Participant: 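Dumping the structure here so I can ask a few things about it.
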Amino acid sequence: MTMRNLRTGPDWIVWVVFFILVLISAILLSGHGANLIAGYNTAPREVKEKYDEKKLGRVIGSGLLAIAFLLPFAVLLQNLLPAWVAYAFLGFIIADCILMIILANTTCKK
């Protein structure tokens, strides 16, 4: 069984998500768009002052970029990769999100 057998939707959706993630990553990595980060944009001013906004954007942007470049890899090689790789991709995405949360709450504080 390959990853193609696990597919439930059209491939173009993955490409749209890829381009959206790359666009958001580029905005965050450039030091702008910290208000795109959930939780940060709704935090009171006192809490926002505790964080380095540019560093927070770089951490979240790089994490999103890692996920973004994993998506085309999965689509382009779906006929070759075994089905268990889909679960490995899911594990990588979960680990990446956990790492982003840890780094955002440790290294991004002033």
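Values in this document were obtained by computation on a predicted structure and should not be read as measured data.
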Participant: Might you point out which heavy atoms bring Cys108 and Val59 nearest each other, and give the distance in Å?
Facilitator: SG-CG2, 3.6 Å
Participant: Going only through I, L, V, M, F, W and Y residues with side-chain contacts under 4.5 Å, is there a path from Leu99 to Leu90?
Facilitator: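 Leu99 and Leu90: separate clusters.
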Participant: Working note: Leu28 + Ile37, criterion side-chain contact (heavy atoms from CB on, under 4.5 Å); need CA distance, chi angles, decisive distance, verdict.
Facilitator: CA-CA 9 Å; Leu28 289 170; Ile37 301 170; 4.1 Å; yes
Participant: Would a single hydrophobic cluster contain both Val17 and Ile94, if residues Ile, Leu, Val, Met, Phe, Trp and Tyr are joined by side-chain heavy-atom contacts under 4.5 Å?
Facilitator: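 Result: no, two separate clusters.
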Participant: Can you name the closest pair of heavy atoms from Leu71 and Leu21 and give their distance?
Facilitator: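 For Leu71 versus Leu21, the nearest heavy atoms are CD1-CD1, 4.0 Å.
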Participant: Would you say Lys54 has more than 12 foreign heavy atoms packed within less than 6.0 Å of its NZ?
Facilitator: no
Participant: Do Leu70 and Leu76 share a hydrophobic cluster (ILVMFWY, side-chain heavy atoms under 4.5 Å, transitive)?
Facilitator: yes
Participant: Could you tell me which non-hydrogen atom of Gly63 sits nearest to which non-hydrogen atom of Asp96, and how far apart they are?
Facilitator: O-OD2, 2.6 Å
Participant: Within the structure provided, determine whether Phe89 and Leu81 are in side-chain contact (heavy-atom separation under 4.5 Å).
Facilitator: yes
Participant: Mind listing the closest non-hydrogen atom pair of Phe18 and Ala68 along with its distance?
Facilitator: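 Result for this residue pair: CD1-O, 2.9 Å.
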Participant: Once rounded to the nearest 0.5 Å, what's the spacing between atom CD1 of Ile24 and atom CG of Leu29?
Facilitator: 12.0 Å
Participant: Ignoring hydrogens, what is the shortest heavy-atom contact between Ser25 and Gly61? Give both atom names and the distance.
Facilitator: OG-O, 3.2 Å
Participant: Quick check: closest heavy atoms across Ala104 and Tyr51, and the distance to 0.1 Å?
Facilitator: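 Smallest heavy-atom distance, with atoms named: O-CE2, 3.2 Å.
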Participant: Linking I/L/V/M/F/W/Y whenever their side-chain heavy atoms sit closer than 4.5 Å, directly or via other members, would Phe92 and Leu65 fall into one cluster?
Facilitator: yes
Participant: Hey, does Asp52 have a side-chain heavy atom less than 4.5 Å from the side chain of Leu56?
Facilitator: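 Not touching, per the 4.5 Å side-chain cut-off.
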Participant: Can you confirm whether more than 12 heavy atoms, excluding those of Lys50, are under 6.0 Å from its NZ atom?
Facilitator: no
Participant: Run the ring pair (Phe, Tyr, Trp, His ring centres under 6.0 Å) test against Phe19 and tell me which residues pass, sequence neighbours left out.
Facilitator: none
Participant: Could you check if a side-chain atom of Leu103 sits within less than 4.5 angstrom of a side-chain atom of Lys55, using non-hydrogen atoms only?
Facilitator: no
Participant: Is there a path of hydrophobic side-chain contacts, each under 4.5 Å between heavy atoms, that joins Ile102 and Val47?
Facilitator: no
Participant: Looking at CD1 of Ile101 and CD1 of Ile60, how far apart are the two atoms once the value is rounded to the nearest 0.5 Å?
Facilitator: 8.0 Å
